[in-house]
Amino acid sequence: MIRAVICLPDGGFDATQVALPWHILTSRGCIVDVATERGDVPSSEQATFQGVFRKLFAPNAEAVAVYHRFIQSSSFLSPRSWSSSDFSFMQYDCVILPGCSEKRILQMVESKSLKDRLLEYIPYTLENGPTPRKICAASGRGVLCLALAEDEDGNSIIRERQVTTLPVHLERLEYFATSKSCPWMIRQHANMTLRQALKDSSQYQCGPFVMTNSSSNSAFVTKDGGLITSRWQGDALAWGEAIWEELMKLRWQE
């Protein structure tokens, strides 16, 4: 049985980036747990369903319907604790790190216990890494959890990987659209932080400039071995399908 875990802050997760991959995996027979820092039940971000942000970046009808099923699921209502001494990512085939636009994602980005778990896990996502092969999927600012997790030499654990995250032009649009109306929004530049963590800036993959929630033609996902990254909620469906595809490859290799 394939097992995956979605890591979330206590509050502020993006409904689309969480719900669509969860639906894709659970509808195909995967067991998907939810983990928060202390095992508390999380809440979605305020901006998702209100104000200017809602008009620009609101989840579509499919994502909203799946989101409501997700928050009623047993895994959501009974999260694991990633900081618990008996918790390990190694019991899972896939670790999922969704992004969001609220400051509360810093609970994940700055968590030492989460970084320690990822430091142990990420080598198993390398193409020629140790076995058993694993998958790590991160989207948007969720990629910062990987970029800022460092090995014993002080290098990012994804220093030599091909990745993507929220592009600069979308970060700027998000900022100017919400700087006054949404004070809880995060202002950390994910794109710049990620590029600084990489060995060479060319490892960053931008994807199409035009990005919409309604067109699959603009969706973009980057794969590097078992590391699967995407940029924002508009990529969530393609990101979820890419996760499933890689999980199936692992199953065939067993």
Side-chain angles (χ1 to χ4, degrees), residues 7 14 17 21 89 94-101 105-106 108-112 114-175 186-211 217-236 238-243 245-247 249-250 253:
C7 296
D14 179 86
Q17 292 181 51
F89 284 149
C94 178
V95 172
I96 301 174
L97 305 167
C100 78
S101 299
I105 196 175
L106 294 176
M108 287 175 57
V109 173
E110 297 174 352
S111 169
K112 183 181 184 303
L114 184 60
K115 290 176 181 177
D116 289 344
R117 304 283 184 265
L118 291 170
L119 181 61
E120 175 190 21
Y121 183 86
I122 283 296
Y124 292 86
T125 68
L126 290 165
E127 191 69 48
N128 297 308
T131 56
R133 283 283 310 282
K134 303 286 186 180
I135 292 170
C136 182
S139 179
R141 293 185 176 90
V143 180
L144 293 179
C145 298
L146 300 168
L148 297 177
E150 297 178 343
D151 60 23
E152 59 185 11
D153 296 322
N155 294 318
S156 169
I157 58 175
I158 57 169
R159 183 172 184 264
E160 300 191 12
R161 311 295 290 270
Q162 301 285 325
V163 290
T164 191
T165 190
L166 199 67
V168 172
H169 66 278
L170 192 62
E171 281 191 311
R172 289 174 178 169
L173 173 61
E174 184 182 83
Y175 174 80
I186 189 170
R187 303 304 175 199
Q188 184 169 1
H189 297 292
N191 193 285
M192 182 183 300
T193 302
L194 174 62
R195 288 174 184 249
Q196 290 173 343
L198 299 176
K199 183 177 181 179
D200 191 299
S201 61
S202 64
Q203 295 164 230
Y204 165 72
Q205 308 293 308
C206 182
F209 183 83
V210 177
M211 302 167 66
N217 293 331
S218 66
F220 183 73
V221 175
T222 294
K223 297 182 184 180
D224 182 330
L227 179 62
I228 307 169
T229 54
S230 63
R231 304 167 302 170
W232 72 314
Q233 60 265 41
D235 298 332
W239 183 50
E241 291 291 353
I243 295 169
E245 181 181 317
E246 290 304 309
L247 284 170
K249 288 181 182 177
L250 292 190
Q253 291 172 5

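The side-chain contact (heavy atoms from CB on, under 4.5 Å) check on Asp153 picks up Asp151, Asn155, with sequence neighbours excluded. Pro123 is linked by a side-chain contact (heavy atoms from CB on, under 4.5 Å) to Pro130, counting only residues two or more places apart in sequence or in another chain. Take Ala197 and apply the side-chain contact (heavy atoms from CB on, under 4.5 Å) test, not counting sequence neighbours, and it matches Ala147, Ser156. Residues meeting the side-chain hydrogen bond (donor to acceptor under 3.5 Å, both in side chains) test with Glu241, sequence neighbours left out: Arg28. For Glu120, the side-chain contact (heavy atoms from CB on, under 4.5 Å) test picks out Ser88, Met90, with sequence neighbours left out.
Arg141 CZ to Ile105 CD1: the interatomic distance, rounded to the nearest 0.5 Å, is 7.5 Å. The structure places NZ of Lys112 at 9.5 Å from CZ of Arg117, a figure rounded to the nearest 0.5 Å. One finds the CG atom of Leu118 at 7.0 Å from the SG atom of Cys7 (value rounded to the nearest 0.5 Å). The line from CG of Leu119 to CD of Glu150 is 10.0 Å long, rounded to the nearest 0.5 Å. Distance check: Ile135 CD1 to Leu247 CG gives 4.0 Å after rounding to the nearest 0.5 Å. Atoms CZ and NZ, from Arg159 and Lys199 in turn, are 6.0 Å apart once rounded to the nearest 0.5 Å.
Across every non-hydrogen atom of Thr165 and Gly140, the tightest pair is OG1-O, 2.7 Å. Between Leu97 and Cys145, the closest heavy-atom pair is CD1-CB, 4.2 Å.
Between the side chain of Gln203 and the backbone N or O of Asp200, at least one donor-acceptor pair lies under 3.5 Å. Gln17 places a side-chain N or O within 3.5 Å of a backbone atom of Gly99 that can act as its donor or acceptor partner.
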With a 3.5 Å cut-off and sequence neighbours excluded, list the donor-acceptor pairs that the side chains of residues 223-230 form with protein atoms.
from, atom 1, to, atom 2, distance (Å)
Lys223, NZ, Glu245, OE2, 3.0
Lys223, NZ, Glu246, OE2, 3.3
Asp224, OD1, Arg161, NE, 3.4
Asp224, OD2, Gln162, N, 2.7
Thr229, OG1, Thr164, N, 3.0
Ser230, OG, Ser139, OG, 2.9

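Within the 4.5 Å cutoff, no side-chain heavy atoms of Phe220 are placed close to those of Pro167. Side-chain contact between Ile96 and Trp239 is present, with at least one heavy-atom pair separated by less than 4.5 Å. Counting only heavy atoms from C-beta outward, the side chains of Thr222 and Tyr204 never approach each other to under 4.5 Å.
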Self-check item: CA sep, side-chain torsions, deciding dist, call: Ile158, Leu194, side-chain contact (heavy atoms from CB on, under 4.5 Å)
Solution: CA-CA 9 Å; Ile158 57 169; Leu194 174 62; 3.9 Å; yes

